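Here the structure is a predicted model, which means the values were calculated and not measured. Chain letters run A, B, ... following the sequence lines, proteins first and then strands; every chain starts at 1.
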Amino acid sequence: MLGNYFYHQIVRKTVIAFGTLFNDIHVRHDDGAGNVISDLKVPIAYGPRQKFLARITQQAELNKATQITLPRMSFEITNISYDSTRKAGITQTFKAKDVNNDQMKKVFMPVPYNLGFDLNILVKQQDDGLQILEQILPFFQPGFNISIDLVKSIGEKRDIPMVLQNISQQDDYEGDFATRRALIYTLSFTAKTFFFNHIAQTPEGLIKKVQLDYYSDSNTRTAKRVQRYTVVPKAKQDYNDDDVIDTADDLLIEPGDDFGFTETSTFFGDGKEFAPNRGVDI
Amino acid sequence: MALNPHFLQGSRGEQRLVQSLINEHLKIYGVEVTFIPRKFVNQSTIIEEVTASKFDDNFLIEAYVENFDGYAGAGDVLTKFGMSLRDEVTLTISKERFEEFIAPFMDADDDIELSSRPREGDLVFFPLGQRLFEIKFVEHEEPFYQLGSNYVYKLKCELFEYEDEVIDTSIEAIDTQVEDDGYIANLQLVGIGITALASPVVGTGAIREIFLNNDGFNYSSNPTVSISTSPSSLSGSDATAVAITTVRAGSQSVEKILITNAGFGYTEAPTITITGGGGSGAAATCSINTASNGVIRFTITQAGVGFGTAPIVTIGVPAGATAADRATGIASIGIDPSSGFNRVNTIFLTNTGAGYTGGETVTISDPETISGIGTYHFNEVVQGMRSGTQARVKNWDYDTKILKVGNVGIGTTTTGFFPGEDIKGLTSGALFSVSVFDEDNSTDKYNEGDIFESEADLLIDFSESNPFGSF
């Protein structure tokens, strides 16, 4: 019953979006006289991974001189839960243009889900952790929106809020000296994303012209059209680079572009009617 | 009296005998390890931690490996932060040997606090396995007061957690252990710079000079300069120019107008209109030369390689003319997208001169580093000659001209090295010019930041702005 294969990679895309938010965090150390002697870009990775792959990539040479390099950040999905507060009617659909051609696609409203993420920060020094936190926290009030192209085939960009829910700190500084101090900050986020169903084809195309005929009488069997009002898109930029914006550019307007309208009113006294199937007046 | 006075409970001579026997045993059964004391570069108060350290001394000492059948600890484990090696080792060293052969040297070093004993935080290089261990705890009472004294230190060690500590012991086997570890940035250097070449194109009825009569105000970007068209219908006859703005007294205004093409065929001075850029008020006029040929533009035959700053352009004086007839130009540079090196993009004219024939020479000054010299040494400090930024060499590949550096400071800049400046090895004297400073750590096998960034470019719309950085 559910058999249509589709895979929009929603979770993977959300993971990429989440990861890229935090891949330009720096930590700096100075020499006490105010000179920055080290500026580190903090590495980040998605935590879960195949064990054998981790071993052969991160420890290709079996003898390694050090335990680990710090600071590091990792993140992982902790839960996936349905968000009923963002649910739209299940029978609602919307149309979207296929990014590859002018055909329209029919899309059912997506199902809202919350993805829980934990961002873990492992540092060697408390000051490193505080530097990293300060570069992150001011941007989450408590959410930060990212526009993600969730379904490539229809160019469906959705603002996905990444909401900071909680921060916890682990600092094992007490105890015997044989146990190393571990400084870990864990930031819990919720990504409010959407899961899309199969994207269906429709035979409908883009509406590029609207035509409205006025009649002189309300009896449509006998009345003939006397006035026609048409609206077509009007280009606001020079698409074909010929240094003029004219009707040739109008044909090159893409959905989503900023465009105006050309409105035309025509009056008739020829007693004809428009035949929609043939597209002419008869 | 509690103790039997007929027994000594350990005389000084007995204690020395035991110490000598222990020393001898350690020399026979021990492993020769390298003790590396930690030097504090910066210590933070309030939150009490050493934020920057260096390890640049080395002392050989014999140590007995307590866990003779293998490392203790949890071994190699996969954590949420990637691979972590939890090997531990307990080493026994002679108290006397440390106090007599290491402590005096440490005591003489002003950078070392507490020199009388091995300290928690110091490093030990363990040659069987090439590991760097950090001393977590120094046990000084085990065995417990035999003959009334203690003779050994037991160093309880864990593998070192590396961040950006300077390890420069001058023993290559030790220093190279962190060659690929920690944050490493890449500098693409220019091996051989190439001088740019250009030739003048001449014409008459061209703009001679543009005069900026009013520099305007409140511009947010460079405005557009429009020059009325030439009466000539030939291609290239219309003059073109660009406006360059600067900020003065808090307001951005037009600083100068540079000619990109002086046009030809004008019979009277064209009208110059300055529009756009968000501001207003800028106005300019120009003079033309109808009596003789001037330089109307340049043909760049060689854009050159390796420019850090815009080179100086000198245009020869026409034969029989005076210095006042000399045309003057300014070069602008930019990065060539195919090679990544700075080249000459455009040569603007500020005065098109008079009396030119087209055979005059155009001399463009050499790039700063016309030819790179020398070889960078591992672990030496390199310095950006303009930014003042310093870093330590991790690896230098002469063939690809990629210099990998760690401990990257920022000097007088906000982000470290910048393209075009020269990088000098402070020990080797090697000198090359920077083409690209890549902050992304491609050496770290854990880091996936680059992958996220390139994948996100296909998915995420950061067209408005991204406060987390430039993507």
Side-chain angles (χ1 to χ4, degrees), chain A residues 13 16-17 19-25 28-32 35-41 43-49 51 54-55 57-60 63-74 76 120 122 124-128 130 135 139 146-150 157 176-180, chain B residues 41-44 47 49 51-52 76 78 80-87 120 129-132 136-137 156 158-164 177-178 181-183 185 390 407-410 415-416 439-441 444-450 452-453 455-456 458-462 467-471:
Chain A
K13 287 171 182 172
I16 290 168
T20 200
L21 272 183
F22 305 102
N23 79 348
D24 204 14
I25 307 285
R28 288 181 176 177
H29 294 150
D30 65 56
D31 60 1
N35 304 310
V36 174
I37 54 173
S38 183
D39 177 293
L40 322 165
K41 188 172 176 182
I44 185 169
Y46 187 63
R49 62 191 59 226
K51 278 194 167 181
R55 171 87 164 164
T57 53
Q58 294 175 34
Q59 204 184 348
N63 277 356
K64 202 163 181 303
T66 56
Q67 181 183 106
I68 196 169
T69 55
L70 297 177
R72 281 186 178 189
M73 294 194 291
S74 84
E76 58 187 290
N120 303 291
L122 177 63
K124 189 171 177 177
Q125 303 170 24
Q126 184 143 319
D127 191 55
D128 293 350
L130 300 179
Q135 289 172 68
F139 297 104
I146 316 175
S147 288
I148 307 177
D149 194 351
L150 284 177
K157 288 182 180 171
D176 64 68
F177 282 86
T179 308
R180 191 187 288 272
Chain B
V41 175
N42 189 16
Q43 185 173 1
S44 170
I47 57 174
E49 57 192 8
T51 55
D76 301 353
L78 180 61
K80 62 180 68 171
F81 300 101
M83 290 296 301
S84 180
L85 281 61
R86 305 280 175 80
D87 292 336
E120 291 76 9
Q130 310 274 301
R131 314 258 170 142
L132 272 171
K136 303 306 299 176
F137 183 62
K156 299 188 175 178
E158 251 185 32
L159 276 178
F160 183 43
E161 282 183 340
Y162 182 65
E163 189 173 20
D164 61 351
Q177 293 306 318
V178 292
D181 289 346
Y183 172 68
Q390 291 193 337
N407 298 91
V408 182
I410 61 165
T415 55
E439 284 186 288
D440 292 324
N441 186 357
D444 188 349
K445 301 299 180 195
Y446 170 79
N447 185 26
E448 292 177 342
D450 281 357
F452 286 129
E453 188 174 323
E455 291 273 346
L458 306 172
L459 302 174
I460 297 180
D461 184 6
F462 274 138
F468 286 83
S470 53
F471 290 85

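- Listed here is the closest heavy atom pair of Q58(A) and M83(B): OE1-N, 2.7 Å.
- Between K13(A) and E455(B) there is no salt bridge, since no side-chain N of the basic residue sits under 4.0 Å from a carboxylate O of the acidic one.
- For the residue pair R131(B) and N63(A), the shortest heavy atom distance occurs at NH2-OD1, 3.1 Å.
- The contact between L78(B) and chain A is made entirely by side chain atoms (from C-beta outward), counting heavy-atom distances below 4.5 Å.
- Y183(B) meets the ring pair (Phe, Tyr, Trp, His ring centres under 6.0 Å) test with no other residue; sequence neighbours excluded.
- At a 4.5 Å heavy-atom cutoff, the contact between K80(B) and chain A is made by backbone and side-chain atoms alike.
- Annotation: the span from T179(A) atom OG1 to K136(B) atom NZ amounts to 9.5 Å, rounded to 0.5 Å.
- Taking 4.5 Å as the limit, some side-chain heavy atom of Y46(A) sits within range of a side-chain heavy atom of F452(B).
- Although no hydrogens or angles enter the test, the distance criterion places a donor-acceptor pair under 3.5 Å between the side chain of N447(B) and the main chain of I44(A).
- A donor and an acceptor atom, one from each side chain of N407(B) and S38(A), are nowhere located under 3.5 Å apart.
- Side chains of N42(B) and H29(A): a donor-acceptor N/O pair is absent below 3.5 angstrom, by distance only.
- Across all non-hydrogen atoms, the minimal contact from N23(A) to G449(B) is ND2-O, 2.8 Å.
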I'd like to know whether T69(A) forms a side chain to side chain contact (heavy atoms under 4.5 Å, CB included) with E161(B), so could you lay out the CA-CA distance, the side-chain angles of the two residues, the decisive distance to 0.1 Å, and finally the verdict.
CA-CA 6 Å; T69(A) 55; E161(B) 282 183 340; over 6 Å; no

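- Among the candidates G47(A), G32(A), P48(A), the residue making the largest number of heavy-atom pairs closer than 4.5 Å to chain B is G32(A).
- Top candidate by heavy-atom pairs under 4.5 Å with chain B, chosen from Q59(A), R180(A), R72(A), is R180(A).
- Put simply, CG on L459(B) and CD1 on I16(A) are 5.0 Å apart, with the number rounded to the nearest 0.5 Å.
- Put simply, of N35(A), T57(A), D149(A), N120(A), the one with the most heavy-atom pairs under 4.5 Å next to chain B is N120(A).
- A salt bridge between K64(A) and D76(B) is absent, with no side-chain N of the basic residue lying under 4.0 Å from a carboxylate O of the acidic one.
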Please assess R49(A) against E448(B) for the test side chain to side chain contact (heavy atoms under 4.5 Å, CB included), listing each intermediate value before the final yes or no.
CA-CA 12 Å; R49(A) 62 191 59 226; E448(B) 292 177 342; 3.9 Å; yes

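- The candidate with the highest count of non-hydrogen atom pairs below 4.5 Å against chain B, out of L150(A), T66(A), D30(A), is T66(A).
- Using a 4.5 Å cut-off on side-chain heavy atoms (C-beta onward), I68(A) and F81(B) make contact.
- For E49(B), the side-chain contact (heavy atoms from CB on, under 4.5 Å) partners at least two apart in sequence or on another chain are Q125(A), Q126(A), D127(A), R181(A), S44(B), I47(B), T51(B).
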